[in-house]
Chemist: 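Structure incoming, see below.
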Amino acid sequence: MQNDKLKSYISLHLIVFIWGFTAILGALITINAEALVWYRMLLAGVFLASFIIYKKESFRVPVKAFFKLIFVGLLIALHWIFFFRAIHVSNVSITLSIFSLGAFFASLLEPIFFGRKVLWYEVFFGLIIIAGLALIMQVEIKYLNGMYYALASIILGVLFTLMNGKLIADHEPSVITFYEFGAGVLFITIYFLFQGKFTADFFTLSLNDWLLLLLLASVCTAYAFTASVKVMRKLTPYTVMLTTNLEPVYGIILAYFILGGKEKMSPEFYIGAVIIVITVILNGVFKHYKKDDKV
């Protein structure tokens, strides 16, 4: 039992590391954000469909849930488009530092979704996070557009995560994600058809882009998702949440060593990023001990 937990914890760190690497791939792939997300969702959907067939799971979902999945798929597509666009107009470090705000936005939106009251310490930690973000924005003003895209992306990310939290309770996660990815591909396809973007050039990618897209769709999307669900059956939500907060840390360190130049930020940026990450972790620790007090 203890060995299973240790293996799951190591697996979780690997998954979070992979998620951090996703931003690096987004910076290395040369196509625009919309096309990147279209290819990512299409290829990941094919991998997930193969996984579902291999596991002999049913593709059936109730009609009401199906329409919810269609809407969530749109949110996921927009979330990823804004995410990769943020990377393209700024860089990986800026985008992932803003993504550290995810836990804070979740704490504000959870009361709306689950009907609980806003907690005072969440507001307090939120103000500290805003101070850290203000420090970054003050010294990295040239990346302001990237910060706006990253903010839009993380808000959409929190929204679809909260909605998925309710859907996963009644349906198989891999099946839910398959339909969401399919919906995302459908919405982007309709947009591309109206814009006349499906040209020969659209499907003419370099070998390097194809290889990076396959890596992104298989390892960083289809595998990371299914592996994360398996890990959550062995570890507490608290452990998962705290470890997931390391994604920006892994991503920023990877970007510094892999991409170099463009990713080397001012000292004030790193101070602001550290303030945000530490505050998010403290928020998780505080929540954990508050829950213990109630038991």
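We use all heavy atoms of the structure for the numbers below, so side chains are in, but hydrogens, waters and symmetry mates are not. One is the number of the first residue; the rest follow in order along the sequence.
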Chemist: CG/Leu214 to OG1/Thr221 distance, rounded to the nearest 0.5 angstrom?
Modeler: 11.0 Å
Chemist: So Thr177 and Ile76, do their side chains get closer than 4.5 Å, heavy atoms only?
Modeler: no
Chemist: Quick check: closest heavy atoms across Ile15 and Ala224, and the distance to 0.1 Å?
Modeler: CG2-O, 3.9 Å
Chemist: Which atom names give the shortest non-hydrogen contact between Phe181 and Gly45, and what distance separates them?
Modeler: CD2-N, 4.0 Å
Chemist: Assess whether side chain to side chain contact (heavy atoms under 4.5 Å, CB included) is satisfied between Thr95 and Ser90, documenting all intermediate values.
Modeler: CA-CA 7 Å; Thr95 303; Ser90 59; 3.7 Å; yes
Chemist: Report yes if the side chains of Ile31 and Tyr39 come closer than 4.5 Å at any heavy-atom pair, otherwise no.
Modeler: yes
Chemist: Please report the interatomic distance CD1(Ile52) to CZ(Phe178), rounded to the nearest 0.5 Å.
Modeler: 6.0 Å
Chemist: Quick one: are Leu216 and Leu36 in side-chain contact, heavy atoms under 4.5 Å?
Modeler: yes
Chemist: Is there a side-chain contact between Val92 and Leu96 (heavy atoms, below 4.5 Å)?
Modeler: yes
Chemist: Tell me whether Ile29 is reachable from Val219 by hopping between hydrophobic residues (I, L, V, M, F, W, Y) whose side-chain heavy atoms are closer than 4.5 Å.
Modeler: yes
Chemist: Applying a strict under-4.5 Å side-chain criterion to I, L, V, M, F, W and Y, I'd like to know whether Ile155 and Ile87 cluster together.
Modeler: yes
Chemist: For Ala255 and Ser93, work out which heavy atoms get closest and say how close.
Modeler: CB-OG, 4.4 Å
Chemist: Atom CZ in Phe160, atom CH2 in Trp80: separation rounded to 0.5 Å?
Modeler: 6.5 Å
Chemist: Answer whether the closest heavy-atom distance between the side chains of Tyr256 and Tyr270 falls below 4.5 Å.
Modeler: yes
Chemist: To the nearest 0.5 Å, how far apart are CZ in Phe187 and OH in Tyr191?
Modeler: 15.0 Å
Chemist: With side chain to side chain contact (heavy atoms under 4.5 Å, CB included) as the test, would you mind laying out the steps for Leu14 and Ile10 before giving the verdict?
Modeler: CA-CA 6 Å; Leu14 176 62; Ile10 293 169; 5.7 Å; no
Chemist: Asp209 side chain to Thr30 main-chain N or O, any donor-acceptor pair under 3.5 Å?
Modeler: yes
Chemist: State whether the side chain of His79 and the backbone N or O of Ala152 hold a donor-acceptor pair below 3.5 Å, judged by distance alone.
Modeler: no
Chemist: Over all heavy atoms of both residues, which pair between Gly251 and Ile24 is shortest? Give the atoms and the distance, please.
Modeler: O-CD1, 3.8 Å
Chemist: So Phe17 and Leu254, side chain to side chain contact (heavy atoms under 4.5 Å, CB included) or not? Walk me through it.
Modeler: CA-CA 9 Å; Phe17 184 83; Leu254 282 169; 3.7 Å; yes
Chemist: With the side chain counted from C-beta on, respond yes when Tyr149 and Ile98 share a heavy-atom pair under 4.5 Å apart, and no when they do not.
Modeler: no
Chemist: Quick check on Phe59: does its CZ atom have over 12 non-hydrogen neighbours (other residues, nucleotides or ligands) under 6.0 Å away?
Modeler: yes
Chemist: Is there a side-chain contact between Phe198 and Trp38 (heavy atoms, below 4.5 Å)?
Modeler: yes
Chemist: Are Phe47 and Leu42 joined in one hydrophobic group, where the rule is that I, L, V, M, F, W and Y side chains link up if heavy atoms are under 4.5 Å apart?
Modeler: yes
Chemist: Quick check for you: to the nearest 0.5 Å, what is the distance between Met147 atom CE and Ser97 atom OG?
Modeler: 6.5 Å
Chemist: Side chain to side chain contact (heavy atoms under 4.5 Å, CB included) for Leu25 and Cys220? Distances and angles first, verdict last.
Modeler: CA-CA 9 Å; Leu25 292 177; Cys220 298; 3.7 Å; yes
Chemist: Has Phe202 got more than 12 heavy atoms of other residues, nucleotides or ligands less than 6.0 Å from its CZ?
Modeler: yes
Chemist: Does Leu28 belong to the same Ile/Leu/Val/Met/Phe/Trp/Tyr cluster as Leu205, with side-chain heavy atoms less than 4.5 Å apart forming each link?
Modeler: yes
Chemist: Quick check on Tyr148: does its OH atom have over 12 non-hydrogen neighbours (other residues, nucleotides or ligands) under 6.0 Å away?
Modeler: no
Chemist: What is the minimum heavy-atom distance between Gly132 and Ile275, and which atoms define it?
Modeler: CA-CG2, 4.1 Å
Chemist: Flag yes if more than 12 heavy atoms outside Phe257 fall under 6.0 Å of its CZ atom; otherwise flag no.
Modeler: no
Chemist: Any side-chain heavy atom of Thr22 sitting closer than 4.5 Å to one from Phe84?
Modeler: yes
Chemist: If hydrophobic clusters are built by linking Ile, Leu, Val, Met, Phe, Trp and Tyr wherever their side-chain heavy atoms come under 4.5 Å apart, do Val175 and Phe71 end up in the same one?
Modeler: yes
Chemist: Roughly how far, to the nearest 0.5 Å, is CD1 of Ile81 from CZ of Arg40?
Modeler: 11.5 Å
Chemist: Show the nearest heavy-atom pair for residues Ala150 and Ala86, with the distance to one decimal.
Modeler: N-CB, 3.7 Å
